[in-house]
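Notes to accompany the following structure.
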Amino acid sequence: MYDISRILRHSGLTAIGLALAATSLPASASAAEAQPVAVIASVSASGAIAERPTRDDNRRQRVQERGDRQQARQERRAARQDNRQNARQEQRQADRRVERRENRQENRAEPYRQEWREARREARRDARQDARQEARRDARQEARQDARREARQEAWRDARQEARRDARQEARRDYRQEARRDARQEARRDYRREVRRDYRQAERREARRDYRRWNRGWRNDRRYDWQRYRNQNRRVYNIGRYYAPYRNYSYRRLNIGFTLGSLFFGNRYWINDPWSYRLPQVYGPYKWVRYYDDVLLVNTYTGEVVDVIYDFFW
């Protein structure tokens, strides 16, 4: 064997190589003693001699390391299997304990469970009965509501029909009344037209006979009953205030034969529609003229008062 101290003294690189070789030696001391160590002498740069392990040593070392790793792996696998078996056994024991506990609880709760089943069965039976009763009650209530709805709809239908019937009757009645009113108005219109025509014809005949002679006998004709007509139509004869043609002129009672000034029988005082007051129609130069509340028949050519009615207007 070489003296390692002497070798280390000559080269540091050789010491490092020996240290690496020492770490790769087998872990078992008996194996290291049984196997001889073969070294190869090498000359370093400084001329010192160093020892190196051979290829066979490296191969044996690798084989030994592989065997150690496989043995460690097998030990770990065996430990895992043992752990799994222990865990399964503990789980089975826990399951058995839980099952025994559940069986004890079930055996202890079996009478109560039977009562609970009976109570639940009874509750379901009561619930079904209540549901049937509620369904019957709802059906009866729905039927009553349908009957009331049908009755209301029938009442509304009858009311609408009655309203339509009344509306048709009212429309027919209004139509008949309107027709009668129109017929009466048309009849009155025709009557007035006929009366006016007769009146004009009579006045024309009278005027053709002698317009210079005024016939005062018209008061005996019932058509010219102005007093009776005024009693029934008082508003017609209320025509407002009379304004004299002169400012300081006051009322004087005039008689037939009096001669008026032309301003008193101007067209502003004429009565253009004598028939509206039930006065006879005038002809020729004659005009009905208002004089305060009196009515005068004046010859517009001469201004002579031919006829007079006192207190004619209100």
Side-chain angles (χ1 to χ4, degrees), residues 91-200 222-241 272-279 313-314:
Q91 184 66 29
R92 292 193 196 95
Q93 291 176 359
D95 293 340
R96 292 192 192 95
R97 286 194 297 271
V98 171
E99 186 176 358
R100 285 195 297 270
R101 189 182 302 110
E102 290 179 353
N103 292 332
R104 285 195 300 271
Q105 291 178 357
E106 185 175 359
N107 294 330
R108 193 179 298 121
E110 184 64 26
Y112 302 103
R113 188 177 292 108
Q114 188 67 25
E115 293 179 1
W116 178 76
R117 291 196 191 96
E118 292 294 334
R120 188 174 59 179
R121 193 178 300 110
E122 187 68 23
R124 289 177 180 173
R125 189 182 306 109
D126 295 340
R128 285 194 295 271
Q129 291 179 359
D130 294 340
R132 285 195 293 270
Q133 291 178 359
E134 187 69 23
R136 295 194 193 96
R137 191 181 306 110
D138 294 340
R140 288 194 297 269
Q141 187 175 2
E142 187 69 23
R144 285 195 294 269
Q145 290 179 358
D146 293 339
R148 294 194 194 98
R149 192 181 303 109
E150 290 293 335
R152 285 196 296 269
Q153 290 178 358
E154 187 68 23
W156 292 339
R157 193 179 303 110
D158 295 340
R160 286 196 297 270
Q161 292 178 359
E162 187 68 22
R164 289 171 185 167
R165 191 181 306 108
D166 294 341
R168 286 194 294 269
Q169 291 178 0
E170 187 70 22
R172 293 192 192 98
R173 184 164 56 254
D174 294 340
Y175 176 76
R176 295 193 194 97
Q177 291 178 358
E178 188 69 23
R180 293 193 192 98
R181 191 181 302 112
D182 295 340
R184 286 195 296 270
Q185 291 179 358
E186 187 67 25
R188 289 171 186 167
R189 197 178 299 112
D190 295 340
Y191 173 75
R192 295 192 192 100
R193 193 180 298 114
E194 188 70 23
V195 169
R196 291 192 185 97
R197 186 170 60 250
D198 295 341
Y199 176 76
R200 295 189 188 98
R222 295 179 60 184
R223 293 179 301 171
Y224 308 122
D225 189 0
W226 60 271
Q227 292 178 344
R228 182 179 178 184
Y229 183 76
R230 187 178 65 178
N231 292 333
Q232 297 176 355
N233 302 274
R234 299 177 67 86
R235 289 183 299 176
V236 177
Y237 293 83
N238 187 5
I239 59 176
R241 184 179 177 183
N272 295 320
D273 189 9
W275 173 250
S276 62
Y277 300 100
R278 294 304 183 265
L279 294 174
F313 297 107
W314 297 106

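- Not counting sequence neighbours, the partners of Phe313 by the ring pair (Phe, Tyr, Trp, His ring centres under 6.0 Å) test are Tyr277.
- Proximity of a side-chain donor or acceptor of Arg278 to a complementary backbone N or O of Trp275 within less than 3.5 Å is detected.
- Remark: Arg228 fails to qualify as a cation-pi partner of Trp226 under the 6.0 Å distance and 45° angle criteria applied to the six-membered ring.
- A donor-acceptor contact closer than 3.5 angstrom links the side chains of Gln91 and Asp95.
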Residue pair Glu118, Arg121: steps toward the salt bridge (charged side-chain N to carboxylate O under 4.0 Å, His left out) verdict: CA-CA 5 Å; Glu118 292 294 334; Arg121 193 178 300 110; 2.9 Å; yes
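- The line from CG of Asp273 to CG of Leu279 is 9.5 Å long, rounded to the nearest 0.5 Å.
- Arg157 pairs by the salt bridge (Lys or Arg N to Asp or Glu O under 4.0 Å) definition with Glu154, not counting sequence neighbours.
- Every residue meeting the salt bridge (Lys or Arg N to Asp or Glu O under 4.0 Å) condition with Glu134, not counting sequence neighbours, appears here in chain and number order: Arg137.
- The local environment of CZ in Arg235 is sparse, with at most 12 non-hydrogen atoms from other residues, nucleotides or ligands closer than 6.0 Å.
- Asp182 contributes atom CG, which lies 6.0 Å from atom CD of Gln185 (distance to the nearest 0.5 angstrom).
- Taking both residues in full, the closest heavy atoms of Asn231 and Arg234 are given as O-CG, 3.8 Å, listed atom of the first, atom of the second, then distance.
- The salt bridge (Lys or Arg N to Asp or Glu O under 4.0 Å) check on Glu115 picks up nothing, with sequence neighbours excluded.
- Using a 4.0 Å cut-off between charged nitrogen and carboxylate oxygen, Asp225 and Arg222 do not count as a salt-bridge pair.
- Arg193 is linked by a salt bridge (Lys or Arg N to Asp or Glu O under 4.0 Å) to Asp190, counting only residues two or more places apart in sequence or in another chain.
- With sequence neighbours left out, the ring pair (Phe, Tyr, Trp, His ring centres under 6.0 Å) criterion links Trp314 to no other residue.
- Here the rule is side chain to side chain contact (heavy atoms under 4.5 Å, CB included) with Glu150, and of Gln153, Arg148, Arg152 only Gln153 fits it.
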